[in-house]
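This report refers to the structure that appears directly beneath it.
By convention in this document, chain letters (A, B, ...) are assigned in the order of the sequence lines, proteins followed by strands, and residues within each chain are numbered from 1.
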Number of protein chains: 2
Amino acid sequence: MREFMAITKALSDPNRVRILLALRRGELCVCQITALFDFAPSTISKHLSILHHARLILSRKSERWVYYRLPEKTAPVAVREALDWVHKSLAKTDETKADANKLKKILNTDLAVICRRQKC
Amino acid sequence: MREFMAITKALSDPNRVRILLALRRGELCVCQITALFDFAPSTISKHLSILHHARLILSRKSERWVYYRLPEKTAPVAVREALDWVHKSLAKTDETKADANKLKKILNTDLAVICRRQKC
DNA sequence: TTGTCATTTCGTCGTTTGACGAAATAACAA
DNA sequence: TTGTTATTTCGTCAAACGACGAAATGACAA
């Protein structure tokens with residue numbers, strides 16, 4: 001029950017759900033996720049930590065950046081089903097598409113440039 | 001997105017999740033649900049209204065009681081999948097079994113007696 | 001080592017949430 | 001009608017949440 005509630009609480013904030021949807025196409029560094037939202041880096045970091053604590057995302061560190069991604073098939077069943085449910089329910093919404101478009105532009109920009117742009 | 005968030009917010013409280021699990025075996029009146037928890041009737045009523053607003057439960061009025069139940073197959077896909085996910089994830093936990101046992105005793109008692117017992 | 005920079009942690013602040021009891025409502029019983 | 005009773009609504013309060021900026025951390029670059 002505790003693990004399940006960690007998932008539902010993580011999903012109860014729309015910005016965290018948007019992060020999960022943004023990660024569908026592949027891993028992103030914190031800089032890129034921050035660029036996608038109009039929030040302070042510390043706010044994004046907190047959201048990522050809540051998602052991570054619920055095991056809805058995994059992280060790895062490389063060079064000077066931290067990358068987050070959706071878990072593989074090794075993830076607990078409850079996690080995989082939660083992610084499937086999120087994607088199935090929201091993949092086609094306008095908001096998700098808008099984020100995907102904005103993300104495309106971000107991915108076309110050099111990482112270092114994106115980070116410096118937001119003074120993080 | 002708004003509808004989806006109504007569901008995730010409804011699921012983000014453990015007592016509301018317990019209510020959904022308790023309804024698996026069939027409809028229950030507010031009195032019976034209140035008897036299952038150690039909360040004031042007004043608290044349970046609020047929880048039920050949140051679940052109802054998210055369309056996770058349906059209600060009907062009969063005689064002097066209001067009954068709540070899980071929705072049929074007519075429910076939106078997002079709702080059905082959310083309920084499936086909840087049940088699959090938690091049906092076998094100790095907490096759910098304990099609630100089911102307590103519920104069995106409640107169902108063996110006359111409705112009028114249960115209600116008067118809690119001064120609702 | 002020292003400085004730079006991406007990220008996280010911490011403390012604060014305003015808002016939301018979940019609990020309660022009291023009062024309102026709505027339906028049945030007398 | 002009047003009273004009773006099941007449920008909901010409302011106002012209040014403490015705790016949790018989501019935002020922020022400032023400071024801490026940790027890794028690379030000079």
Let me know the distance between NE2 of B:H47 and C1' of C:dT17, rounded to the nearest Å. 10 Å

Round to the nearest Å and state the distance from B:I33 atom CD1 to D:dA6 atom P. 15 Å

Please state how far atom CG in A:N15 lies from atom C1' in D:dC17, giving the value in whole angstrom units. 13 Å

Take the protein atom CH2 of B:W65 and the nucleotide atom P of D:dT5, then report the distance between them rounded to whole Å. 12 Å

Report yes or no: is there a donor-acceptor pair, N or O only, under 3.5 Å between the side chain of B:S42 and the base of C:dG21? yes

The complete set of side-chain hydrogen bond (donor to acceptor under 3.5 Å, both in side chains) pairs with one or both residues in residues 11-20 of chain A, sequence neighbours excluded, reads A:N15-A:R18, A:R16-A:H47, A:R18-A:D99

Side chains of A:S42 and A:S45: donor-acceptor distance under 3.5 Å anywhere? no

If you count heavy atoms of other groups shown closer than 6.0 angstrom to CZ of A:R24, is the number above 12? yes

Figure out the CG/P separation between B:D13 and D:dA15, and round it to whole Å. 17 Å

How far apart are the C-alpha atoms of A:R55 and A:E3, what are their side-chain angles, what is the distance that settles it, and do they pass the salt bridge (Lys or Arg N to Asp or Glu O under 4.0 Å) test? CA-CA 9 Å; A:R55 299 175 187 273; A:E3 292 169 24; 5.5 Å; no

What's the closest nucleotide to the A:A40 side chain, out of D:dT7, C:dT8, D:dC20? D:dC20

Restricting to non-hydrogen atoms, name the atom on A:L103 and the atom on A:A22 that form the minimum distance, rounded to 0.1 Å. CD2-O, 3.4 Å

Which residue lies toward the 5' end of DNA chain D, A:R16 or B:S45, if each is placed at its nearest nucleotide? B:S45

Please report, rounded to the nearest Å, how far the P atom of C:dT16 is from the CE atom of B:M5. 14 Å

In residues 48-64 of chain B, which residues come under 4.0 Å of DNA chain D by heavy atom? B:R64

Enclosure of A:H53 NE2 (heavy-atom neighbours >12, cutoff 6.0 Å): no

Want to settle it: does A:V66 or B:S12 sit nearer the 5' end of DNA chain C, counting the closest nucleotide to each? A:V66

Is the shortest side-chain N/O distance from B:T43 to OP1 or OP2 of C:dA19 below 4.0 Å? no

Length of the line joining B:K46:NZ and C:dG18:P, which is rounded to integer Å: 8 Å

Phosphate oxygens OP1/OP2 of D:dA6: is one of them under 4.0 Å from a side-chain N or O of B:Y67? no

Step through the shown structure and confirm whether more than 12 heavy atoms of other residues, nucleotides or ligands are within 6.0 Å of NZ on B:K88. no

Round to a whole Å and report the spacing from NZ of A:K9 to P of C:dT17. 11 Å

